Amino acid sequence: MRDIKYSIRFLFLLLIIVGCEDDDEYVAPNTFVDAAFTTTWGTSVDKDVDINNYGSFMDLSNGTTKHEWTIPEGTFFLEGPLPTKADSFESSIIEGAGMVSDERTVHVLFTKGDSLTPIKLHNEYEEYTEFVLPTGWDTETNSSIFDTLRTVQKGAAWVLDYTIIVDVYDTIVADMEIRNLAGSKIDFKSQDVIDLKFGDALVFEDLSRQNNTSRPTSTVWTIHTIEENEEDEENIINVNEEKTIDTLVFNKRIGKFQGRLVSKRDRTEAVQADEETYEIPVTFNVTALDEALEQAGDVIEMADNSIEVSLSSKLVELTEDVSSNFMVEVNGVARPVASVSQNQLNVDKLILVLETQLEGTDAANTVTVSYDGGSTTLKSVDERVLEAFSAVPVEVYVPIPVNNVGTVQKVTEDDAILVMFDQELDPASVMASADATMGFSAMVNGVASVVSSVEVDAADATVLRIMLSEELYRDDEITISYVGPGDILSIGAGELVDFGPVTVVPDEDNILGDVGMFENALDTDWLNTGSNGAGAAEIVAAPIPDIVSDVVPSGNVMHLFAPDGNKPNTITSGTFAFEAGTAYRVKYKRYLGSTTSTAFAKHFFGDQNINDQWNDPEDELGKWQLVEFTFIAAATSNGTVRIQPVPAGVSDVYYDDYTIQIDDNRP
């Protein structure tokens, strides 16, 4: 039963404009004339309806001398009132009504799908009038688009002719086409069977969207087993997509199968959902491949000591223990196979695990694998049983030495020393070791220190976390060394290569991060909130020093120029947290230009002011120097960092690599 959404009581009145005057052409008399109409769809631009449903049309004009509704073939006038729900409206058709009606309100039954079904209104008036009609929606202005319908004078009458276009959705008529991969059509409707080999593919096309106006929105292809009762069927292929063409591959099972097409249209606000099922009138006969199922490709020992045996086709799920059917030999001596399983990602591969695993030294020996062909459970999806094979060479895995790479880092928070390697390390080798620290040694400020623990980092298996027995500080000089043998191995059983002594680099824990590198343009990380006079701030390339030193800037630098009290005020665009009572260490590279004659600049951390003095003997003009000082935060704040040259004289200063960190130097 179809829900009839629309009836005359839901008609919406379109915007009506009463007859207008044109002072140049026409003077309206005292009679009242206007043009107006409405439909089931109200002010909606799209007038959609499904076949065998109806729509209502009402002429609301005043002062007409003639009025007609004209409908096309495939539509019928209905006698109202109409029920809100009905299986059919044929009993309400007005017999002999023809295609034209002079009734003000008409109900029109649509029995033919057509996206351009015309319903014509013809009105005649004694006077000029016009009607403003909504024709769309402007998404930019979020408002309706209007069109003005004007009467046209024909003889003594003013005529309004307007065609309302209704989009009538037809019922779905399912149809399809089958082609081979070369594109040739298969006349499946005139044959009983399509013979296929396992893995063959055919192209299926849903033709339901052609030659009618049903407009399906999705297509379902099903290839299923042949059963007496449909509920017992088992799908071997089930595809539900919006596209009309699909390539279906018959690689799930051998046997005889049938199929069906279900062409569907989703329900919309105006149109009912619809679907039709087409039972494909042919049997798909899928037979096994002609070639044997056999071992194919290299047999390789993996890093985890398992042996991977590749086969020529995918296998069905292995449900029995077949380890006794396999034999691995080293120089002719058997190594018992403990288990055989499938690779879950590549089911054309078998995984063998030996009771006694192979060693890297076995690469110099003759290692082979054989299968006696005695299991019927080792078979392909198309039911070919695995053929026996014998003495297939096994490529033995040789563990790769594990090398230390990258920077060895000390973490400030817990004093852990992080050592990185070029392979993932095996936590099990650490757990199994009686002493995982064996082979590791450390020096702190030139004195040997005890390595208390070594473990694989939980977040990164390429990293070892090494702890020493003493508290460490950021300014300590620490080195780490390793001299084997030791028990820690990689996932592939590789041993650590001797390294060191390697210098441990402390974590900077820089509160400013990259902000203190001065690489971004001014007004990005740093702002000049106001210069007076000739004072200026700029981010520039580092100046070439007059005196060369071992302190070198890393890129762009901040240049602050303040002659005779004319100063800039540079401040970070972001804020940074400072905790009351915490000691902070400030470090930066500084260059005093040759014209500098002042004694210091001010640095602000939140509201706290620290003077950067440059009156020490080593503070030379024209030379890059490393400056370092500490301060204790007087209050907890989330404040900016500010640098300001001081008055009196010339301050011509450059800064780079500005760092603020919690003070962790050795007391």
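Quantities reported herein were computed from a predicted structural model and do not represent experimental measurements. The residues of the chain are indexed from 1 along the displayed sequence.
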Between Val402 and Gly494 the two heavy atoms that sit nearest each other are CG2-O, 3.6 Å
Do Tyr654 and Pro543 touch side chain to side chain, with heavy atoms closer than 4.5 Å? yes
Less than 3.5 Å apart, any donor N or O on the side chain of Asn569 or Thr529 sitting next to an acceptor on the other? yes
Can you name the closest pair of heavy atoms from Ala580 and Thr636 and give their distance? N-OG1, 3.0 Å
Hey, mind stepping through Asp382 and Lys252 against salt bridge (Lys or Arg N to Asp or Glu O under 4.0 Å) and telling me if it holds? CA-CA 8 Å; Asp382 58 337; Lys252 299 296 188 296; over 6 Å; no
If a pair satisfies ring pair (Phe, Tyr, Trp, His ring centres under 6.0 Å) and one of its residues is in residues 461-480, list it, with sequence neighbours excluded. none
Measure the shortest side-chain to side-chain distance between Ser554 and Met517 over non-hydrogen atoms and say whether it is less than 4.5 angstrom. yes
According to ring pair (Phe, Tyr, Trp, His ring centres under 6.0 Å), does anything in residues 328-374 pair up with another residue at least two apart or in another chain? List the pairs. Phe326-Tyr371, Tyr371-Phe389
Residue pairs fulfilling ring pair (Phe, Tyr, Trp, His ring centres under 6.0 Å) with at least one residue in residues 433-466, sequence neighbours excluded: Phe440-Tyr482
Flag yes if more than 12 heavy atoms outside Glu628 fall under 6.0 Å of its CD atom; otherwise flag no. yes
If you define the side chain from C-beta out and look only at heavy atoms, does anything of Val322 sit under 4.5 Å from Leu378? yes
Please find the pair of heavy atoms, one from Glu620 and one from Ile547, that lie closest to each other, and give the distance. OE1-CD1, 3.5 Å
What one should report as the nearest heavy-atom pair of Ala601 and Tyr655 is CB-OH, 3.7 Å
Salt bridge (Lys or Arg N to Asp or Glu O under 4.0 Å) test vs Lys589 passes for just one of Asp657, Asp550, Asp656, namely Asp657
Val309 and Leu352, any side-chain heavy atoms less than 4.5 Å apart: yes
Option passing salt bridge (Lys or Arg N to Asp or Glu O under 4.0 Å) with Arg474 (candidates Asp507, Asp415, Asp509): Asp509
Residue list, salt bridge (Lys or Arg N to Asp or Glu O under 4.0 Å) with Asp663, at least two apart or on another chain: Arg585
Sorted by chain and residue number, the ring-ring contact (aromatic ring centres under 6.0 Å, His included) partners of Phe605 (sequence neighbours excluded) come out as Phe631
Tell me, please, which residues at least two apart from Ser324 pass side chain to side chain contact (heavy atoms under 4.5 Å, CB included). none
Tell me whether Ser429 contacts the main-chain N or O of Leu489 through its side chain, where contact means a donor paired with an acceptor under 3.5 Å. yes
Heavy-atom side-chain proximity of Leu464 to Glu455 below 4.5 angstrom: no
May I have all residue pairs that pass salt bridge (charged side-chain N to carboxylate O under 4.0 Å, His left out) and include part of residues 314-341, sequence neighbours excluded? Arg335-Asp362
Using a cut-off of 6.0 Å, state whether more than 12 heavy atoms not belonging to Ile544 lie near its atom CD1. no
So do Phe198 and Asn251 actually touch side chain to side chain, heavy atoms under 4.5 Å? yes
For Gln342, which of Ile351, Leu315, Leu311, Val316 qualifies under side-chain contact (heavy atoms from CB on, under 4.5 Å)? Leu315
Pairs where residues 388-408 contributes a residue and the test side-chain hydrogen bond (donor to acceptor under 3.5 Å, both in side chains) is met, not counting sequence neighbours: Asn403-Asp422
Does a side chain donor of either Thr570 or Asn528 reach within less than 3.5 Å of an acceptor in the other side chain? no
Those residues that, when tested against Asn445, pass side chain to side chain contact (heavy atoms under 4.5 Å, CB included) (two or more places apart): Asp476, Glu477, Arg666
Non-neighbouring partners of Asp514 that pass salt bridge (Lys or Arg N to Asp or Glu O under 4.0 Å), sequence neighbours left out: none
Compare all side-chain heavy atoms of Glu470 with those of Val444 and state whether any distance is below 4.5 angstrom. yes
So, Tyr658 and Asn510: side-chain donor and acceptor under 3.5 Å apart, yes or no? no
Taken in chain and number order and not counting sequence neighbours, the residues that satisfy side chain to side chain contact (heavy atoms under 4.5 Å, CB included) with Ile662 are Thr582, Tyr584
After noting the C-alpha distance and the side-chain angles of Trp614 and Phe600, does the key distance pass the ring-ring contact (aromatic ring centres under 6.0 Å, His included) rule? CA-CA 6 Å; Trp614 49 70; Phe600 64 94; 7.4 Å; no
Decide if the gap between the ring center of Phe518 and the ring center of His559 is smaller than 6.0 angstrom. no
Might you work through the side chain to side chain donor-acceptor pair (under 3.5 Å) test for Lys349 and Ser310, ending with a clear yes or no? CA-CA 4 Å; Lys349 298 180 187 298; Ser310 299; 3.0 Å; yes
In terms of side-chain heavy atoms, does Gln625 have a donor or acceptor partner in Glu618 at a distance below 3.5 Å? no
Side chains of Arg642 and Thr572: any donor to acceptor distance under 3.5 Å? no
If only atom types and distance count, is the side chain of Asn365 paired as donor or acceptor with the main-chain N or O of Val367 below 3.5 Å? no
Where do Ser375 and Asn325 land on the side chain to side chain donor-acceptor pair (under 3.5 Å) test, with the steps shown first? CA-CA 7 Å; Ser375 172; Asn325 298 106; 4.8 Å; no
Salt-bridge present (Arg465, Asp460; N to O < 4.0 Å): no
Does a side chain donor of either Ser312 or Glu294 reach within less than 3.5 Å of an acceptor in the other side chain? no
Among all residues two or more places apart in sequence or in another chain, which pass the side chain to side chain contact (heavy atoms under 4.5 Å, CB included) test with Ser594? Asp546
Taking all atoms of both residues into account, what is the closest heavy-atom pair of Arg253 and Val286, and its distance? O-CG1, 3.6 Å
Atom CD of residue position Gln295 - does it have more than 12 heavy atoms of other residues, nucleotides or ligands inside 6.0 Å? yes
So do Ile480 and Val504 actually touch side chain to side chain, heavy atoms under 4.5 Å? yes
Correct closest heavy-atom pair for Ile511 and Ala577 would be CD1-O, 4.4 Å
Applying side-chain contact (heavy atoms from CB on, under 4.5 Å), run through Asn240 and Asn238 and close with a yes or a no. CA-CA 7 Å; Asn240 184 354; Asn238 188 21; 5.6 Å; no
For Asp607, look at atom CG and say whether over 12 heavy atoms of other residues, nucleotides or ligands are found less than 6.0 Å away. no
